[in-house]
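First the structure, in the form of structure tokens, and then the observations on it.
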Amino acid sequence: MSDPRKYTILYVDDEESNLRIFKNTFRKDYNILTATSGTEGLEVLNTQDVDLILTDQRMPGMSGIDFLKKAFSKYPELNRILVTAYSDYDVLREAVNELKIFQYVEKPWREEDIKTTIDSALEIHRLKIENQNLTSSLLVKNEELTRINKELSAEIDRHKQTQLELIKEKEYAENCNRLKSAFLANMSHEVRTPMNSIMGFVDLIFEDYISQETKREYMNIVQGSCSQLLHIIDNIIEISKIDSGNVELRKVKFEVNDVVNYVYKSFSAKVGQNISLSCNLAQESILIYNDSLKLEQVLKNLLDNALKFTTKGVVEFGVQLKADQVFFYVKDTGIGIDPENFNLIFERFSQVENAFSRKYGGNGLGLAISKAYIENMGGKIWVESELGKGATFNFTIPLD
Ligand code: ADP
């Protein structure tokens with residue numbers, strides 16, 4: 001029975017008396033396995049755990065060196081000691097240089113000498129194993145650290161991302177807030193103007209000293225102010241429908257030129273003397289299946305703006321068929337728009353001037369509504385302009 005607290009040594013020698021002496025001398029210090037030939041020694045190595053090999057050199061059949069070669073190629077970690085006569089000089093050189101044996105012991109050996117050699121070989125073997133274990137546990141720890149490091153950087157990236165998203169959301173909320181405040185300031189002005197006129201003129205209508213003719217004139221003004229108010233209220237309702245995703249398309253089959261012509265007629269009556277309004281219909285008939293009322297509304301919004309921002313000059317609009325798209329444009333020679341505001345003007349409640357410096361009126365909703373309508377109808381809207389050089393609003397609607 002081998003003692004698990006002791007190292008196990010394999011001693012190979014063809015002379016059984018040598019094996020016996022070795023065994024008797026060292027059994028108290030080590031577990032000793034013996035073999036009388038290299039072949040037998042290899043079998044022992046195959047079946048048992050061995051910490052150190054000692055072998056005689058001169059053996060019939062397989063020499064000690066040949067046995068060690070085979071053992072070395074299979075168990076390179078095992079420490080090896082060659083026991084040989086001093087005269088085997090070439091053998092010794094090969095054993096030390098190629099087989100990297102730990103040491104050789106001269107025959108006949110002395111107990112203290114061979115014990116010192118065995119113990120140093122075993123100690124080195126123990127240190128090697130310990131070193132290997134430490135290295136592999138370091139490798140495992142290192143891998144673990146690399147993994148934790150990766151997880152940490154991923155976590156940091158996630159945090160950074162969340163932080164960026166939060167900053168964006170905060171900026172968006174602040175922007176909404178700013179726009180809403182501007183809108184309210186603007187709205188109260190927009191609503192007050194027609195309301196003041198309604199209240200003022202209604203008071204006058206009740207006065208006896210005002211003639212019937214003047215009263216009729218005042219009633220026309222009140223009517224105009226009422227439709228202005230209605231327009232504002234309609235816009236607010238529309239934008240809240242858009243915000244809640246409730247824009248409904250009422251699709252019908254219609255002739256595009258009819259809508260453009262209708263809009264032209266309704267506007268030509270109301271353009272001032274300083275403006276020349278012209279309209280270019282498409283050369284061919286364009287029948288589409290879409291929301292004709294929303295198309296009409298967009299054209300009206302764009303024309304309202306073109307006329308509002310052009311005090312003197314030309315306003316032209318029209319339609320053309322371009323491949324599978326119906327292309328519309330509304331062009332004016334008015335105040336123009338700085339390209340850096342191209343995105344801003346399509347946002348709800350946005351106007352290039354602020355509420356206090358504006359002189360053109362409006363509530364900053366027309367383009368936001370138009371953009372939402374066009375996109376709902378499957379098209380795109382964009383503007384081309386330069387400050388002081390007029391503006392052209394373009395949009396498309398798919399032919400299908
Ligand atoms: P508003 O009721 O204020 O006109 P819109 O949404 O229709 O609201 O337009 C937003 C802003 O875009 C306007 O206040 C104006 O600053 C700018 N804008 C729109 N159309 C034109 C145009 N044809 N020429 C110059 N500026 C324009």
Side-chain angles (χ1 to χ4, degrees), residues 175-176 178-194 225 227-243 247 263-264 267 270-272 274-279 294-318 328-376 380-395:
N175 198 30
C176 286
R178 191 181 54 74
L179 285 174
K180 289 224 161 109
S181 312
F183 168 73
L184 283 177
N186 190 13
M187 260 317 161
S188 59
H189 170 81
E190 286 300 310
V191 172
R192 258 169 215 282
T193 314
S225 300
S227 28
Q228 222 178 314
L229 261 184
L230 196 64
H231 178 66
I232 295 171
I233 293 166
D234 279 349
N235 269 353
I236 295 173
I237 292 173
E238 223 29 56
I239 207 78
S240 55
K241 272 194 201 160
I242 291 168
D243 274 345
V247 182
V263 173
Y264 175 59
F267 271 80
K270 55 180 181 183
V271 281
N274 293 328
I275 304 277
S276 128
L277 176 71
S278 62
C279 166
K294 291 207 164 47
L295 168 62
E296 186 185 316
Q297 189 58 53
V298 173
L299 283 170
K300 282 181 171 170
N301 285 351
L302 297 182
L303 279 169
D304 271 336
N305 280 346
L307 294 169
K308 184 162 69 176
F309 295 105
T310 312
T311 35
K312 194 172 176 215
V314 179
V315 173
E316 179 193 322
F317 72 111
F328 300 84
Y329 69 96
V330 177
K331 186 174 177 186
D332 66 57
T333 54
I335 61 169
I337 302 160
D338 188 335
E340 74 174 28
N341 292 320
F342 282 179
N343 287 333
L344 174 91
I345 56 170
F346 286 103
E347 281 172 23
R348 59 211 54 191
F349 312 133
S350 294
Q351 293 171 313
V352 173
E353 315 88 25
N354 67 41
F356 305 102
S357 67
R358 6 183 341 269
K359 54 178 182 185
Y360 295 99
N363 48 43
L365 291 178
L367 287 180
I369 292 174
S370 302
K371 182 170 188 273
Y373 280 178
I374 294 299
E375 286 173 358
N376 266 275
K380 269 197 223 152
I381 183 165
W382 70 99
V383 60
E384 288 161 14
S385 181
E386 255 181 74
L387 210 53
K389 297 202 173 160
T392 305
F393 281 83
N394 307 295
F395 67 92

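Just so you know, ligand 1 is whichever comes first in the structure, and atom 1 is the first atom listed for that ligand. Because the structure is a prediction, the values reported are computed rather than measured. For the numbers below, each heavy atom of this structure counts, side chains included, while hydrogens, waters and symmetry mates do not.
One finds the NZ atom of K300 at 11.0 Å from the CG atom of L295 (value rounded to the nearest 0.5 Å). Distance check: E386 CD to D338 CG gives 9.5 Å after rounding to the nearest 0.5 Å. We find the OH-CZ distance between Y329 and F393 to be 15.5 Å, quoted to the nearest 0.5 Å.
The heavy atom nearest to atom 27 (C) of ligand 1, considering only I337, V315, L303, is found in I337.
Annotation: cation-pi geometry satisfied between K270 and F267 (NZ/CZ under 6.0 angstrom from ring centroid, within 45° of ring axis).
Within the listing of ligand 1, atoms 5 (P), 6 (O), 7 (O), 8 (O) sit less than 4.0 angstrom from a heavy atom of G366. Shown in contact with K308 at under 4.0 Å from a heavy atom are these atoms of ligand 1, numbered in order with element: 1 (P), 2 (O), 4 (O). For ligand 1 and G336, the ligand atoms under 4.0 Å from any heavy atom of the residue are 25 (C). Set against the non-hydrogen atoms of L365, the atoms of ligand 1 under 4.0 Å away are 6 (O), 8 (O). Heavy-atom contacts of I345 reach the following atoms of ligand 1: 10 (C), 11 (C), 12 (O), 17 (C) (cutoff under 4.0 Å).
A 6.0 Å sphere centred on NZ of K294 holds more than 12 heavy atoms belonging to other residues, nucleotides or ligands.
Here's the thing with F393: none of its N/O atoms is less than 3.5 angstrom from an N/O atom of ligand 1. For a threshold of 3.5 Å applied to N or O pairs, the pair formed by L367 and ligand 1 contains at least one separation below that value.
Neither the backbone nor the side chain of N301 has any atom closer than 4.0 Å to an atom of ligand 1 (non-hydrogen atoms only).
In this structure, S240 contributes its side chain and I237 its backbone to a donor-acceptor pair below 3.5 Å. Remark: side-chain polar atoms of T333 are paired, donor with acceptor, to backbone N or O of V314 under 3.5 angstrom.
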